[in-house]
Amino acid sequence: MTATPAPSVEASQPAECAPESAEHAPQTPQPAHPPRPAAAARAAEPQATAHAAATPAAAPADAPASAAALHTAVNAWFETHARDLPWRRPEAGPWGVMVSEFMLQQTPVNRVLPVYEQWLARWPRPADLAAEPPGEAVRAWGRLGYPRRALRLHAAASAIRERHLGDVPREHAQLLALPGVGEYTAAAVASFAYGQRHPVLDTNVRRVFARAVTGKEYPPNATTAAERRLARSLLPADQATAARWAAATMELGALVCTARSPECGRCPIAERCAWKLAGSPAYEGPPRRGQTYAGTDRQVRGKLLAVLREATSPVPQAELDRVWHEPVQRARALDGLVADGLVEPLAGGVYRLPQT
């Protein structure tokens, strides 16, 4: 889903974070995003040379021998079990897919759904969002968390309006060049919106691959070069199948191969799973990352932003001071919001959401 004396937790996050699974999000697993039928049809269209250069090569000879069997089993399972979510429907279009990808970074689907629907109702095209001040994007972001994602999405919308005549670009390189779009989001939008062939590695997919192929309960804390090579080796050669595989593996990790309670009895590849065949050995790597919120600068920042989102005029310092009892932490959090461009200070000790 980005300077102070001591940066906040949010301020330490990278510009792009792939969607996190239930092990990092409160209670609800992160969703997958299958390409819609219209997108799959578009995948058959001839691609420009630039895109062809960016598309991964066909699976190498040393790819896992059972890759084709995995594709068939997982994609067939997905046809029956895929959830009906608004960004998966044809009417969502590439912009709807992009909005969902920004919102779903480190935020569970149940929290994203109402905000996503309100967002698309208000800003159905990138140009609609770009026409408003960035502060309105922050206001509409509500309590999704990591609100700098709203600023990045606004910046991406502005770039789409300026560089691409208001249409989300289909080329991977053009997507990657947009503000706030990293490798994960570029691959996800190209795959899920345009039915293209790219490895899409979020936490759910990484966990499925770790268990099914490498026999480990969990993947490393950070994505490794070996994981990227494995993802490329497993990618089906056919574009439509590859796009479906990207969505299906993500859904499998979200619904069945979960972090805390994998339901191997429901898994379509349980009989081929290296981890299960090895007796489901316990994880022996470094401690798994967790997230805390209560009492952190993130919580204070959220409280300050909540006041500013509800305000119809600039807010005086005294009103912001009431949201948190500890003055040093409160000042640090406010300074961080200003440094991150989420809050605009004005003369006279008043603050508002950014207007430029």
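- By the 4.5 Å heavy-atom criterion applied to side chains, L230 and V213 are counted as neighbours.
- Using the six-membered ring where Trp is involved, W245 and F209 have ring planes that are parallel, under 30° apart on the 30 and 60° scheme.
- In terms of modelled atom types and a separation under 3.5 Å, the side chain of E227 and the main chain of T224 share a donor-acceptor contact.
- H81 is not listed as a side-chain neighbour of E251, based on a closest heavy-atom distance of 4.5 Å or more.
- In terms of modelled atom types and a separation under 3.5 Å, the side chain of R244 and the main chain of H71 share no donor-acceptor contact.
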Open item on the list: Working note: L85 + Y116, criterion side chain to side chain contact (heavy atoms under 4.5 Å, CB included); need CA distance, chi angles, decisive distance, verdict.
Closed with: CA-CA 11 Å; L85 296 171; Y116 171 88; over 6 Å; no
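- One finds the CZ atom of R228 at 5.5 Å from the OG1 atom of T223 (value rounded to the nearest 0.5 Å).
- In this structure, R330 CZ and D321 CG are separated by 4.0 Å, a value rounded to the nearest 0.5 Å.
- Side chains of Y218 and R207 form a contact here, defined as non-hydrogen atoms less than 4.5 Å apart.
- H198 and H172 have parallel rings, their planes meeting at less than 30° on a 0 to 90° scale where 60° marks the start of perpendicular.
- Under the 4.5 Å side-chain heavy-atom criterion for ILVMFWY residues, no single connected hydrophobic cluster contains both L178 and L176.
- Other residues, nucleotides and ligands contribute only 12 or fewer heavy atoms inside 6.0 Å of the CD atom of E271.
- The closest side-chain heavy-atom distance from V168 to P126 is below 4.5 Å.
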Open item on the list: Working note: D167 + R125, criterion salt bridge (charged side-chain N to carboxylate O under 4.0 Å, His left out); need CA distance, chi angles, decisive distance, verdict.
Closed with: CA-CA 8 Å; D167 293 323; R125 291 183 54 80; 2.8 Å; yes
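- The shortest non-hydrogen separation linking G145 to R298 is CA-NH2, 4.5 Å.
- Going from atom CG of L305 over to atom CD of E310 covers 11.5 Å, rounded to the nearest 0.5 Å.
- Across A159 and P179, no two heavy atoms sit closer than the pair CB-CD, 3.6 Å.
- Looking at heavy atoms from C-beta onward, F102 lies out of side-chain contact with L144 at the 4.5 angstrom threshold.
- The shortest non-hydrogen separation linking W77 to L255 is CH2-CD1, 4.3 Å.
- With hydrogens and angles disregarded, no donor-acceptor distance shorter than 3.5 Å links the side chain of T185 to the backbone of G182.
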- [ ] Run the numbers on D128 and R122 for salt bridge (charged side-chain N to carboxylate O under 4.0 Å, His left out), then give the verdict.
- [x] CA-CA 8 Å; D128 300 319; R122 180 174 179 179; over 6 Å; no
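- Contact annotation: the side chain of T107 never approaches that of M103 to less than 4.5 Å [non-hydrogen atoms, C-beta and beyond].
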Open item on the list: Determine whether Q299 and W324 satisfy the following criterion, side chain to side chain contact (heavy atoms under 4.5 Å, CB included), listing intermediate values before the conclusion.
Closed with: CA-CA 10 Å; Q299 183 182 21; W324 195 254; 3.5 Å; yes
Got a list of side-chain donor-acceptor pairs under 3.5 Å for residues 349-356, not counting sequence neighbours?
from : atom 1 : to   : atom 2 : distance (Å)
Y351 : OH     : Q317 : OE1    : 3.1
R352 : NH2    : E344 : OE2    : 3.0
Q355 : NE2    : L353 : O      : 3.1

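- Among all heavy-atom pairs drawn from A246 and V200, the shortest one is CB-CG2, 4.0 Å.
- E171 CD to H164 NE2: the interatomic distance, rounded to the nearest 0.5 Å, is 10.0 Å.
- Summarising the geometry, atom CD belonging to E136 is positioned 15.0 Å from atom CH2 belonging to W141; distances are rounded to the nearest 0.5 Å.
- Of the possible donor and acceptor atoms, none in the side chain of D340 sits under 3.5 Å from a partner among the backbone N and O of L342.
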- [ ] For I269 and L252, run side chain to side chain contact (heavy atoms under 4.5 Å, CB included): C-alpha distance rounded to whole Å, both residues' side-chain angles, the deciding distance at 0.1 Å, then the answer.
- [x] CA-CA 10 Å; I269 55 173; L252 185 65; 4.2 Å; yes
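- E79 CD: more than 12 foreign heavy atoms inside a 6.0 Å radius.
- Put simply, the side chain of W275 reaches to within 4.5 Å of the side chain of P262, judged on heavy atoms.
- Side-chain heavy atoms closer than 4.5 Å link hydrophobic residues (I, L, V, M, F, W, Y) into clusters, and following such links, even through other members, never connects L346 to L337.
- Side-chain contact between R211 and K216 is absent, with no heavy-atom pair separated by less than 4.5 Å.
- Side chain of E326 to main chain of V328: a donor-acceptor pair is present (N/O by atom type, distance under 3.5 Å, no hydrogens or angles).
- Put simply, the side chain of T72 never gets that close to the backbone of A69: no donor and acceptor are under 3.5 Å apart.
- For the pair V181 and A186, the tightest heavy-atom approach, listed with the atom from each and the gap, is CG1-N, 3.7 Å.
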TODO: Start with the C-alpha gap between V138 and H154, add the side-chain angles, then the distance that decides, and say whether side chain to side chain contact (heavy atoms under 4.5 Å, CB included) holds.
DONE: CA-CA 9 Å; V138 176; H154 184 277; over 6 Å; no
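- In this structure, I160 CD1 and L153 CG are separated by 8.0 Å, a value rounded to the nearest 0.5 Å.
- Contact between W95 and A157 at its shortest, heavy atoms only, is CH2-CB, 3.8 Å.
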